[in-house]
2 protein chains.
Amino acid sequence: MKKDFFQTIYNSPHIGKTDYEEIAKAHSQMDVRSGSLLLEEGKIASEFYIIEKGLFRSFVYDYDGNEVTTEFYGPKELLIESFSLFHRSPSMENFQALSNGTVWKIEYQLFQQLLGKIEGLREWGRTWATSHLFIIKKRSIKMLTMNATDRYLNLLNERPQIIRQVPLKFIASYLGITDTSLSRIRKEIVTT
Amino acid sequence: MKKDFFQTIYNSPHIGKTDYEEIAKAHSQMDVRSGSLLLEEGKIASEFYIIEKGLFRSFVYDYDGNEVTTEFYGPKELLIESFSLFHRSPSMENFQALSNGTVWKIEYQLFQQLLGKIEGLREWGRTWATSHLFIIKKRSIKMLTMNATDRYLNLLNERPQIIRQVPLKFIASYLGITDTSLSRIRKEIVTT
DNA sequence: AGTATTTCTTGCCATATGGAAAGAGTATCC
DNA sequence: GGATACTCTTTCCATATGGCAAGAAATACT
């Protein structure tokens, strides 16, 4: 059921049943084809997405114009560039579908209206923001303190399905190395 | 004037004069000696700080037990481990004074009360959270896309006073390299 | 099926960074 | 003023990672 899906996503003890119905109504379903972009660098995000089905990634361009994958996203995760969305400023990141999929989209204005009406949703937002901050901090610390092999093993452990479904070059740039190096690391691991 | 200070910190068009008086009253001044810790890993943050004077850093320990500096903080910046504070969970980070200084401290409970009373403060909080998220994302992208020399030059450009005042080993661990490497990089830059 | 495209691996060599240890320089303390 | 503890640089060598290019393997297209 549609309502249950949003209850899982916007999970908070202070959001009531009728609130979830209103939240559900504010989202619209959207099919996405593999490779398509849901947000492009430089544009202002006017909506965000909740993934129902499929695999996605966010990426930026480095100084040499190479794509650098910053995160992978799967079902029940949010595809949101919060700074661009809430500050109405150009996005730094790109969102791309890595497979065909289905997402639930919600417009900025509509979400702001819900935030104004539902205190529990504001609370959910604070929790999301602090948790997300925490996750990004942890990732950035890992980038600093672990070597490439350990980062790969860590990803393999935490998100095995990513490794299986995603082309090596995206995984490599996510780990901060070249696809050549990742290929060598894989070989090393297999033979160990 | 004390109130002006907090007006600069919690800057928001929707916070009134009397609100700022109440906010100012909720903070207490505290002198800090160089080297002392304001928060330790594993403890639950029960307060946060606004820096009036002095230089601070946050750091974590890597798998080998080495300290890794995650950020530097100067006057008018917040020393806050938001996840620990708002989720009442053990802190991942440590806060340390790198010089003698003065901070304004506010207790969790007191801040929660202010948040409950002042809508403008909640709005300020949302802005702070999204901006902070953005800053950390940018930093983590820099770690991925720039080499050590460029990261050093970038820091030198953005926060020259850090380079002048902070021991090289802290800067090195912030950049994700050893002090030996940073020393070599410095030499290379001077002769170029 | 057959061709084109993408993905992955491998080899060779260059460069960046690390680890350990020694020594020089600087600040601190009594 | 001298002892002590930091701080920073330097050297030697080891290891990790990158760049390029070729080829193999897998996948997509018609």
Side-chain angles (χ1 to χ4, degrees), chain A residues 33-36 55 57 59 61-69 72 96-100 142-156 160-192, chain B residues 33-36 55 57 59 61-69 72 96-100 142-156 160-192:
Chain A
R33 284 201 319 145
S34 179
S36 62
L55 193 55
R57 70 169 183 136
F59 68 93
Y61 293 97
D62 69 12
Y63 295 102
D64 301 329
N66 304 310
E67 291 182 2
V68 177
T69 298
F72 296 106
Q96 184 180 37
L98 295 175
S99 69
N100 291 335
K142 277 178 190 166
M143 293 303 303
L144 277 170
T145 62
M146 294 167 78
N147 63 25
T149 304
D150 288 344
R151 294 202 298 278
Y152 176 71
L153 289 172
N154 182 253
L155 180 65
L156 192 59
Q161 76 291 4
I162 299 285
I163 308 285
R164 272 187 254 111
Q165 294 174 32
V166 173
L168 175 137
K169 63 177 173 184
F170 295 150
I171 298 172
S173 82
Y174 175 77
L175 296 173
I177 56 177
T178 59
D179 51 353
T180 311
S181 288
L182 181 51
S183 183
R184 278 194 279 257
I185 285 170
R186 274 182 163 171
K187 183 184 171 188
E188 189 60 30
I189 287 166
V190 171
T191 57
T192 305
Chain B
R33 285 201 319 146
S34 179
S36 62
L55 193 56
R57 70 167 183 137
F59 68 93
Y61 293 97
D62 69 12
Y63 295 102
D64 301 329
N66 304 309
E67 291 181 2
V68 177
T69 298
F72 296 106
Q96 185 181 36
L98 295 175
S99 69
N100 292 334
K142 278 177 189 166
M143 293 304 302
L144 277 170
T145 61
M146 294 167 78
N147 64 24
T149 304
D150 289 343
R151 293 202 298 275
Y152 176 72
L153 290 172
N154 182 253
L155 181 65
L156 191 60
Q161 76 290 5
I162 299 285
I163 308 286
R164 272 188 254 110
Q165 295 174 31
V166 173
L168 175 138
K169 65 177 173 185
F170 295 149
I171 298 172
S173 83
Y174 175 76
L175 296 173
I177 55 177
T178 59
D179 49 355
T180 310
S181 287
L182 181 51
S183 185
R184 274 195 286 256
I185 286 170
R186 274 182 163 172
K187 183 184 170 187
E188 188 59 31
I189 288 167
V190 170
T191 57
T192 306

Residues Y152(A), L182(A); criterion side-chain contact (heavy atoms from CB on, under 4.5 Å); working and verdict:
CA-CA 8 Å; Y152(A) 176 71; L182(A) 181 51; 3.5 Å; yes

End axis versus end axis in the helix from dA1(C)-dT30(D) to dC30(C)-dG1(D), the angle rounded to 10°, five pairs used at each terminus
50°

What is the separation between atom [atom1] on [X] and atom [atom2] on [N], rounded to the nearest whole Å?
X: D179(A); N: dT10(C); atom1: CG; atom2: P; value: 13 Å
X: N66(A); N: dC20(D); atom1: CG; atom2: P; value: 11 Å
X: R186(B); N: dT10(D); atom1: CZ; atom2: P; value: 12 Å
X: Q165(A); N: dA26(D); atom1: CD; atom2: P; value: 19 Å
X: M143(A); N: dT17(D); atom1: CE; atom2: C1'; value: 13 Å
X: R164(B); N: dC8(D); atom1: CZ; atom2: C1'; value: 19 Å
X: I189(A); N: dC8(C); atom1: CD1; atom2: C1'; value: 15 Å

Measure the spacing between CD of Q96(A) and CZ of F59(A) and express it to the nearest 0.5 Å.
5.0 Å

Excluding sequence neighbours, so at least two apart, what forms side chain to side chain contact (heavy atoms under 4.5 Å, CB included) with S36(A)?
V32(A), A97(A)

For residues 171-181 of chain B, please give each side-chain donor-acceptor pair under 3.5 Å, one per line with the distance, not counting sequence neighbours.
from: S173(B); atom 1: OG; to: T69(B); atom 2: N; distance (Å): 2.8
from: S173(B); atom 1: OG; to: T69(B); atom 2: OG1; distance (Å): 3.2
from: S173(B); atom 1: OG; to: F170(B); atom 2: O; distance (Å): 3.4
from: T178(B); atom 1: OG1; to: S181(B); atom 2: N; distance (Å): 3.2
from: T178(B); atom 1: OG1; to: S181(B); atom 2: OG; distance (Å): 3.3

Donor-acceptor contacts under 3.5 Å from residues 160-169 of chain A side chains, at least two apart:
none

Quick one, give me the B/S/- string for nucleotides 13-30 of chain C, reading 5' to 3', where B means a protein heavy atom under 4.0 Å from the base and S means that only happens at the primed atoms, P, OP1 or OP2.
----SBBB----------

Would you say N154(B) and K142(B) make side-chain contact, with heavy atoms under 4.5 Å?
yes

N147(A) and D150(A): which non-hydrogen atoms are nearest, and at how many Å?
OD1-N, 2.8 Å

Under 3.5 Å, which protein N or O atoms sit close to an N or O of nucleotides 4-7 of chain C? Give each pair with its distance.
from: dT7(C); atom 1: OP2; to: K169(A); atom 2: NZ; distance (Å): 2.9

Side chain of R151(A), backbone of M146(A): donor and acceptor closer than 3.5 Å?
yes

Are any side-chain N or O atoms of D62(A) and backbone N or O atoms of T145(B), one a donor and one an acceptor, separated by less than 3.5 Å?
no

Where do E188(A) and T149(A) land on the side-chain contact (heavy atoms from CB on, under 4.5 Å) test, with the steps shown first?
CA-CA 9 Å; E188(A) 189 60 30; T149(A) 304; over 6 Å; no

